[in-house]
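Because the structure is a prediction, the values reported are computed rather than measured.
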Amino acid sequence: QVQLVESGGGLVQAGGSLRLSCAASVRTGSTYVMGWFRQAPGKEREFVAYITRTLGRTYYADSVKGRFTISRDNAKNTVYLQMNSLKPEDTAVYYCAADYSPSAVRLQQSWTYWGQGTQVTVSS
């Protein structure tokens, strides 16, 4: 069982930055693919980014590419999401996810473990 705890959300003006953290209860470095999703009010949860287990390769949704950076610190069992140049449309609850080998990484159904979410609000 993997427990995930997100932190770092908050209120920021458009153009600002936030860094989200996701702390895992177990060692994740060589075992779990880690990802971030988000859910805006009235919308489905959508893929944001993920990072692979061993090589740490990163992949992003087109909507955040060039603005967001996912990274992981395996010594701390923590994954981060650095968000720059934030826009009002980035407002959502952001969720951390983990899975050994998600079959379709952009689909939430492929991920087994989830955090409780952290709210990010970007004002215009």
Side-chain angles (χ1 to χ4, degrees):
Q1 190 75 5
V2 179
Q3 294 182 332
L4 304 172
V5 179
E6 303 98 332
S7 61
L11 173 65
V12 64
Q13 289 188 335
S17 298
L18 282 175
R19 188 177 81 155
L20 306 183
S21 299
C22 172
S25 60
V26 299
R27 294 177 64 86
T28 58
S30 60
T31 305
Y32 293 98
V33 178
M34 303 296 294
W36 287 95
F37 284 71
R38 67 186 182 186
Q39 187 168 17
K43 295 188 177 181
E44 293 188 354
R45 195 170 298 187
E46 65 173 4
F47 166 76
V48 174
Y50 80 94
I51 185 166
T52 62
R53 288 192 298 260
T54 304
L55 297 180
R57 292 176 176 161
T58 58
Y59 300 86
Y60 300 92
D62 287 343
S63 57
V64 306
K65 200 173 296 183
R67 299 188 299 121
F68 290 10
T69 302
I70 186 171
S71 62
R72 64 194 302 166
D73 184 336
N74 291 335
K76 296 181 178 180
N77 299 325
T78 300
V79 64
Y80 304 98
L81 186 68
Q82 177 66 44
M83 306 186 295
N84 299 328
S85 302
L86 282 162
K87 305 175 181 180
E89 51 263 44
D90 294 318
T91 295
V93 177
Y94 282 71
Y95 296 90
C96 178
D99 195 276
Y100 176 73
S101 182
S103 57
V105 292
R106 297 174 186 266
L107 299 180
Q108 60 170 318
Q109 301 94 311
S110 296
W111 297 78
T112 302
Y113 303 105
W114 292 89
Q116 82 288 350
T118 186
Q119 176 70 48
V120 171
T121 303
V122 184
S123 63
S124 58

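Contact of the Q13 side chain with the S123 side chain is registered, since non-hydrogen atoms from C-beta on lie closer than 4.5 Å. Counting heavy atoms from C-beta on, the side chains of V2 and Y32 come closer than 4.5 Å. Residues Y59 and T52 have side chains in contact (heavy-atom distance under 4.5 Å, counting atoms from C-beta outward). Looking at L20 and V120, their side chains come closer than 4.5 Å, going by heavy atoms from C-beta outward. Using a 4.5 Å cut-off on side-chain heavy atoms (C-beta onward), D99 and V33 make no contact. Side-chain contact between R72 and T28 is present, with at least one heavy-atom pair separated by less than 4.5 Å.
The closest donor-acceptor contact from the side chain of W111 to the backbone of P102 lies at 3.5 Å or more, if one exists at all. Of the possible donor and acceptor atoms, one in the side chain of R67 sits under 3.5 Å from a partner among the backbone N and O of S63. Although no hydrogens or angles enter the test, the distance criterion places a donor-acceptor pair under 3.5 Å between the side chain of T118 and the main chain of G9. A donor-acceptor pair under 3.5 Å links the side-chain atoms of E6 to the main chain of Q116, judged by distance alone. No donor-acceptor pair under 3.5 Å is formed between the side chain of R45 and the backbone N or O of A40. For T121 (side chain) and L11 (main-chain N/O), no donor-acceptor pair under 3.5 Å exists by modelled atom type.
Residue pairs meeting the disulfide bond (SG atoms under 2.5 Å apart) criterion with at least one member in residues 85-124, sequence neighbours excluded: C22-C96.
Here the CG atom belonging to N84 is positioned 6.5 Å from the OG1 atom belonging to T69, to the nearest 0.5 angstrom. To the nearest 0.5 Å, the span separating CE on M34 from CG on N77 amounts to 9.0 Å. Note: S21 OG to R19 CZ = 5.0 Å, rounded to the nearest 0.5 Å.
More than 12 heavy atoms of other residues, nucleotides or ligands shown are found within 6.0 angstrom of CZ on R106. For Q109, the CD atom sits in a packed shell: over 12 heavy atoms of surrounding residues, nucleotides or ligands are nearer than 6.0 Å. The number of heavy atoms from other shown groups lying within 6.0 Å of CD (E89) is above 12.
In summary, K65 and D62 engage in a salt bridge, as defined by a charged side-chain N under 4.0 Å from a carboxylate O.
Other members of the cluster containing Y100 do not exist, because no ILVMFWY side chain is joined to it at under 4.5 Å.
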### Query
Step by step, would you call S124 with K87 a side chain to side chain contact (heavy atoms under 4.5 Å, CB included)?
CA-CA 8 Å; S124 58; K87 305 175 181 180; over 6 Å; no
### Message
Does Y95 form a side chain to side chain contact (heavy atoms under 4.5 Å, CB included) with L4? I'd like the steps, not just the answer.
### Response
CA-CA 9 Å; Y95 296 90; L4 304 172; over 6 Å; no
### Task
Please test S17 against Q82 for side chain to side chain contact (heavy atoms under 4.5 Å, CB included), starting from the C-alpha separation and ending with a verdict.
CA-CA 7 Å; S17 298; Q82 177 66 44; 4.0 Å; yes
### Task
Output, in order, the C-alpha distance, side-chain angles, deciding distance and verdict of side chain to side chain contact (heavy atoms under 4.5 Å, CB included) for T91 and Q119.
CA-CA 8 Å; T91 295; Q119 176 70 48; 4.0 Å; yes
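Linking ILVMFWY side-chain heavy atoms closer than 4.5 Å, directly or via other members, places Y50 and Y113 in two distinct hydrophobic clusters. No continuous path of ILVMFWY side-chain contacts below 4.5 Å connects I70 to Y80, so the two sit in separate hydrophobic clusters. Follow the hydrophobic side-chain contacts under 4.5 Å out from Y60 and you reach W36 in the same cluster. Linking ILVMFWY side-chain heavy atoms closer than 4.5 Å, directly or via other members, places F47 and V79 in two distinct hydrophobic clusters. Hydrophobic clustering (ILVMFWY, side-chain heavy atoms < 4.5 Å, transitive): L86 and V48 are in one cluster.
With sequence neighbours left out, Y94 forms a side chain to side chain donor-acceptor pair (under 3.5 Å) with R38.
Residues T78 and D73 have side chains that never bring a donor and an acceptor to within less than 3.5 angstrom of each other.
Taking the six-membered ring for Trp and the full ring otherwise, F37 and W114 have centroids separated by under 6.0 Å.
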